[in-house]
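Quick note on labels: first sequence line is chain A, next is B, and so on, each numbered from 1.
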Protein chains: 2
Amino acid sequence: MQKTGQPTINDVARIAGVSKKTVSRVINHSPLLNEETRKRVEEVIADLGYIPNPQARALALRRNFLIGLVHDNPNAQTVMNVQQGMLEALHGTEFEMVVRPVDRGAATMLDDLRHFLERQRLFGVLLMPPVSENDMVAKLCDDIGCRYVRMGSAQLDDAAHMVASNDREAVRIAVEYLVEQGHERIGLVAGPHGFRSARERRLGFEDALGAAGIALPRSLIADGNYTFESGLIAAERLLDLVPRPTAIFSSNDEMAAGVIHAARQRGLEIPRDLSIIGFDDTPIAAHVWPPLTTVRWPIASMARSAALKLIAGAEEEEVGVEEPSLFLSTLIRRGSVAAPGR
Amino acid sequence: MQKTGQPTINDVARIAGVSKKTVSRVINHSPLLNEETRKRVEEVIADLGYIPNPQARALALRRNFLIGLVHDNPNAQTVMNVQQGMLEALHGTEFEMVVRPVDRGAATMLDDLRHFLERQRLFGVLLMPPVSENDMVAKLCDDIGCRYVRMGSAQLDDAAHMVASNDREAVRIAVEYLVEQGHERIGLVAGPHGFRSARERRLGFEDALGAAGIALPRSLIADGNYTFESGLIAAERLLDLVPRPTAIFSSNDEMAAGVIHAARQRGLEIPRDLSIIGFDDTPIAAHVWPPLTTVRWPIASMARSAALKLIAGAEEEEVGVEEPSLFLSTLIRRGSVAAPGR
DNA sequence: GCCGTTTTGGAAACCGGTGTCAGCTATAGC
DNA sequence: GCTATAGCTGACACCGGTTTCCAAAACGGC
C-alpha cells in the first residue's frame, strides 16, 4: 500500500519497528536513547527523506518555528540590512522569517501586536528600532511568553535581550575628526524626537564639541526626521546662518544626501565649502557625489547576532560562542570632509 | 473551572451549547446552517474574543496561512517595495508574509525551493524577478500544488499567474524622449544576461533608435549587472568613445548613479555634457544630483496586485474587481536630461 | 398520517507531531 | 538467585482544529 505525499512519523516508526514516540525522541535528540535504536531510526529517516511536519510540531509544542521581525523603521535600506542579517542567521535552520510592520502612531499598536503574537505563537521576535525602544513592547513579549531581542543604539536591556551599538561614542569620534580638521562651526541635523538613536547621536555630537571647548548655539541644531527631504530643509536653514557653518554632521545618510542637495543648490562645493559626515553607511553614502564620509553602523551584523541569540539553544549544535551584545560603529572616510576654507 | 490561555473551539461550542462542528461551520461560513444557530455562535465567539488557532488549522487543512515572497533580486530597494505592496494587500487578512531568498547561482536552488514549499505548505508564493522568469520554478509550484503569482517585465504566463509591466514600451518612450531632445549618439548600459527585464529594456532601447532611423553600433552598448559599480565601469567605457555619446540610458537607477559618478569624475556636467535616464524610480533617483530622469516602475502596486490575486477567494468577501495583470511604467522627468551640446 | 427527502447537529476519526506514565530490560548489589 | 535501580521503550492521551459518517429533526408530497 503506497502512501501518497510525504512520509510521516508513523511511516518511520512502522518501518523501523519502533513506536512514534521513539522516532520523536530521535528527532529531538533525547539523551535517553539506545545508540543502536537511534542509528536504526536515523537510517530509516534518511532513507525515506523524512522531515517532521512543522505544522504538527507547532500545534503540539504550542510554538511556531517562525521568527518575527517587528519594525516601524522608515528606512528601507536599514530594514533590508536587518533582514539580511536575520536570514543569514536563520539559514540552514528550521526557522523562517515573518515580517511584521507595526504602526508607531496607532493607538492600537500594542493591542495589534499582542493579537499577532498570541495568534501566531512565534518562537521569538526581533525588535527593530524605534519600536524596540518601547519598554511596553518588551513587557508585552514577556507577559505573553514570547522570546525577544531588541536592537538599538544604546543598551536598554540585559545582554540576553539586547543587541546595541555605541552610537554616542561613534558620533563623538566622527565629530572630533571634524574638529581635528579645523572646523569650529559645525551644524547638526538631528534625528526625530522619540528615536533613541537620534538622542544618542546628538549626545555624541555634544560630547565632541564639549570636549573641544566649542560652544554650541541652539541655532546650529536643526531637526530632521531621517528622510532626504527633512535633511534638505534642515540644511537650508543651517546654510542660511551667518556665518555659515563649515561642516555639518547629519544623523543619518539619507538626510546627509539632502544636505548635499541643499549645498549644491546654492552652488557650494563639497568638501571645499562644506564638509559633511553622515551615519549608517547605507549604499547611498558611497553613491552620492562626492562619496560621503560616514559612520558605518553594523546593523546587519547586529541583526544576525540578535537572531542567533533568539534561537540559541534551540538548535542541535549549541551556539558555542556567546553572541556579542555591543557592536562598534566605525568612521568611514570618503570624500566629503576637508579642512575648512580650502 | 477557569481555563487558562485563549479560548478554543471547544469553549465556544460548550458555551453556545452546540458541537465543535457547528462552530467550525460558522467559522468557515458553511451555507448549511440555521440562521439562529449561526447568530448564537457568533455572539459567543465575539464575547470570548475567540480566534481559531492558525497552527491547528494549518495541520488539519494541510495548508498554512503564510504567503511566501521568493526572490533572488539583488536590489534592496526593489525588494522592499515589493514587500510593502504585499503587506498592504495582506493587511487585515489572516495571512502573514514569510520571506525566502533563494540563490540563483546554486545548482540546488530548485531542490531547496521544493523542500521549502513542501515543508511549509504555504498558501501561496509570490515570485519576484529574476527567479520569477524561471519556468522551472513555476512548474515546480504547479507540481507541488502551491499557488503562485509571478512578477516580471513581460507577460510570461496567463493572467491568473502573472503580473507584468511593459518595460519594453516604457523604455522606448524614454529613449524617444532623448531622441526628441536631439540626441543621436546614445549609449546603453544594459542589465545582466538572464534577466528578462534587461532584455526587454534593451529591446525598447533598440525599438526607439530603430524607429528614429539611428544606427546602433555595438560599441554603444555596455554590459552591467544592475549594481552601482557595474554602471560606473560601463559608463567609463562609453565615455571613452570618440565621439563621446551625448546621452546614456541606464537599465536601472543604481547603475545610472554609477554613470553620474563616472561622468563627474571626468569633469562632465550633467545634463550639459551628458544626459542620463534611468529605470525604476527608486529613492536614489530623486536624491542624486542632478535629480535623475527615470522610468517609474510600479513594482509596489504590482506586488499588491499579485498578492491580492494569490489570496483571492480565500477571504470572506470576494475580491470584487478583477486584479489587473499589466502595469504601465511612466517617464518621470527630472533634471538629468537636456538637449545635447547645451 | 405516512414516508421520503432535505436540513441540521453530533460522535468519532483524523491531521502529525509531543507529553505522561507505566512497563520492560539489563545491570548491579547483596 | 533475587531485588533495587536505572535506562529504554511504547501505549495512550492531547494539541485545536476539520472531515466523515450517521442520526435526528424538519419538511413536503401524497
Trainee: Could you give all pairs that pass the ring pair (Phe, Tyr, Trp, His ring centres under 6.0 Å) test and reach residues 124-156 of chain B, with sequence neighbours left out?
Mentor: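 Found B:Tyr148-B:His161.
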Trainee: Considering the terminal five base pairs at each end of the helix from C:dG1-D:dC30 to C:dC30-D:dG1, what angle separates the two local helix axes, rounded to 10°?
Mentor: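 One end's axis against the other's: 50°.
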Trainee: Without decimals, in angstroms, what is the distance between B:Arg121 CZ and C:dG17 C1'?
Mentor: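 That distance rounds to 13 Å.
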Trainee: For DNA chain C, determine which residues of residues 58-67 of chain A have any heavy atom closer than 4.0 angstrom to one of its atoms, and list them numerically.
Mentor: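 A:Leu59, A:Ala60, A:Leu61 - these, ordered by number, are the residues of the stretch whose heavy atoms sit under 4.0 Å from the strand.
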Trainee: Can you measure from CG (A:Leu122) to CG (A:Leu69) and round to the nearest 0.5 angstrom?
Mentor: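 A:Leu122 CG to A:Leu69 CG: 11.0 Å, rounded to 0.5 Å.
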Trainee: Tell me: CG of B:Asp11 to C1' of D:dG16, nearest whole Å?
Mentor: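 Between C1' of D:dG16 and CG of B:Asp11: 11 Å.
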Trainee: When the distance from CD1 of B:Ile27 to P of D:dT19 is rounded to whole Å, what number comes out?
Mentor: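 So the two atoms are 11 Å apart, to the nearest Å.
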Trainee: Measure the shortest side-chain to side-chain distance between A:Pro129 and A:Ser197 over non-hydrogen atoms and say whether it is less than 4.5 angstrom.
Mentor: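 In short, these two side chains do not touch, never coming nearer than 4.5 Å.
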Trainee: Quick one: what's the B/S/- string for nucleotides 4-9 of chain D, heavy-atom cutoff under 4.0 Å, read 5' to 3'?
Mentor: ----SB
Trainee: Can you list everything that forms a salt bridge (Lys or Arg N to Asp or Glu O under 4.0 Å) with A:Arg40? Sequence neighbours excluded, please.
Mentor: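 Applying salt bridge (Lys or Arg N to Asp or Glu O under 4.0 Å) to A:Arg40 gives none.
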Trainee: Going by the side-chain hydrogen bond (donor to acceptor under 3.5 Å, both in side chains) test, which pairs reach into residues 41-61 of chain B, not counting sequence neighbours?
Mentor: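 As it turns out, the side-chain hydrogen bond (donor to acceptor under 3.5 Å, both in side chains) pairs with a partner in residues 41-61 of chain B, which skip direct neighbours, are B:Asn28-B:Arg57, B:Arg57-B:Glu94.
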Trainee: With salt bridge (Lys or Arg N to Asp or Glu O under 4.0 Å) as the rule and sequence neighbours excluded, what pairs involving residues 102-113 of chain B come up?
Mentor: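 Counting only pairs at least two positions apart or across chains, the salt bridge (Lys or Arg N to Asp or Glu O under 4.0 Å) contacts touching residues 102-113 of chain B are B:Asp72-B:Arg104.
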Trainee: Within this structure, what is the NZ-to-P distance between B:Lys20 and C:dA11, rounded to whole angstrom?
Mentor: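 Whole-Å distance recorded here is 11 Å.
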Trainee: Is there a side-chain contact between A:Arg57 and the phosphate of C:dG16, meaning an N or O under 4.0 Å from OP1 or OP2?
Mentor: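 So the side chain of A:Arg57 is outside the cut-off, no N or O lying under 4.0 Å from OP1 or OP2 of C:dG16.
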Trainee: For B:Phe65, give me all partners under ring-ring contact (aromatic ring centres under 6.0 Å, His included), at least two apart in sequence or on another chain.
Mentor: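 Per chain and number, B:Phe65 pairs via ring-ring contact (aromatic ring centres under 6.0 Å, His included) with B:Phe95.
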Trainee: What integer distance in Å separates A:Glu118:CD from D:dG16:P?
Mentor: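 Taking CD of A:Glu118 and P of D:dG16, I get 14 Å after rounding.
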Trainee: Considering only NZ, NE, NH1 and NH2 on the basic side and carboxylate oxygens on the acidic side, decide whether A:Asp143 and A:Lys139 come within less than 4.0 Å.
Mentor: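 Yes, A:Asp143 and A:Lys139 are salt-bridged.
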Trainee: Output side-chain donor-acceptor pairs under 3.5 Å for residues 78-90 of chain B, partner residues at least two apart or in another chain, one line each.
Mentor:
residue, atom, partner, partner atom, Å
B:Thr78, OG1, B:Asn75, OD1, 3.3
B:Gln83, OE1, A:Gln83, NE2, 2.8
B:Gln83, NE2, A:Gln83, OE1, 2.8
B:Glu88, OE2, B:Arg304, NE, 3.2

Trainee: Could you tell me whether the phosphate oxygens of D:dT18, OP1 or OP2, come under 4.0 Å of any side-chain nitrogen or oxygen in B:Asn28?
Mentor: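 Checking D:dT18 against B:Asn28, a side-chain N or O does come within under 4.0 Å of OP1 or OP2.
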Trainee: Within this structure, what is the CG-to-P distance between B:Asn53 and D:dC14, rounded to whole angstrom?
Mentor: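 My rounded result for the distance is 17 Å.
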Trainee: Counting only N and O atoms by type, is there a donor-acceptor contact under 3.5 Å from the side chain of A:Ser132 to the main-chain atoms of A:Met151?
Mentor: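 Looks like yes, one N/O pair under 3.5 Å.
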Trainee: What pairs with A:Phe116 under ring-ring contact (aromatic ring centres under 6.0 Å, His included), at least two apart in sequence or on another chain?
Mentor: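 ring-ring contact (aromatic ring centres under 6.0 Å, His included) check on A:Phe116 returns nothing, list empty.
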Trainee: Please collect all side-chain hydrogen bond (donor to acceptor under 3.5 Å, both in side chains) contacts where either partner lies in residues 113-131 of chain B, sequence neighbours excluded, each pair once.
Mentor: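 For residues 113-131 of chain B, and leaving out neighbouring residues, there are no side-chain hydrogen bond (donor to acceptor under 3.5 Å, both in side chains) pairs at all.
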Trainee: Find the distance A:Arg14:CZ to D:dG10:P and express it as a whole number of Å.
Mentor: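 Nearest whole value for this atom pair: 15 Å.
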Trainee: Is the phosphate of D:dG17, meaning OP1 or OP2, less than 4.0 Å from a side-chain N or O of B:Ser24?
Mentor: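 No.
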Trainee: Rounded to the nearest Å, what distance is computed from the CD atom of residue B:Gln55 to the P atom of nucleotide C:dT18?
Mentor: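 The answer, rounded to whole Å, is 15 Å.
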Trainee: Rounded at 0.5 Å granularity, tell me how far CD1 in B:Ile67 sits from CE in B:Met97.
Mentor: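 Going from the CD1 atom of B:Ile67 to the CE atom of B:Met97 covers 11.0 Å.
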Trainee: Applying the side-chain contact (heavy atoms from CB on, under 4.5 Å) test to B:Val23, which of B:Val18, B:Val44, B:Asp11 qualifies?
Mentor: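 Output: one option passes, namely B:Val18.
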Trainee: For DNA chain D, find the residues of residues 39-47 of chain A with a heavy-atom distance under 4.0 Å and give them by number; none if there aren't any.
Mentor: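 Going residue by residue through residues 39-47 of chain A, none turns out to have a heavy atom under 4.0 Å of DNA chain D.
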Trainee: Considering only C:dG19, D:dA13, C:dA13, which nucleotide approaches the side chain of A:Lys21 most closely?
Mentor: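 For A:Lys21, the side-chain atoms sit closest to C:dG19.
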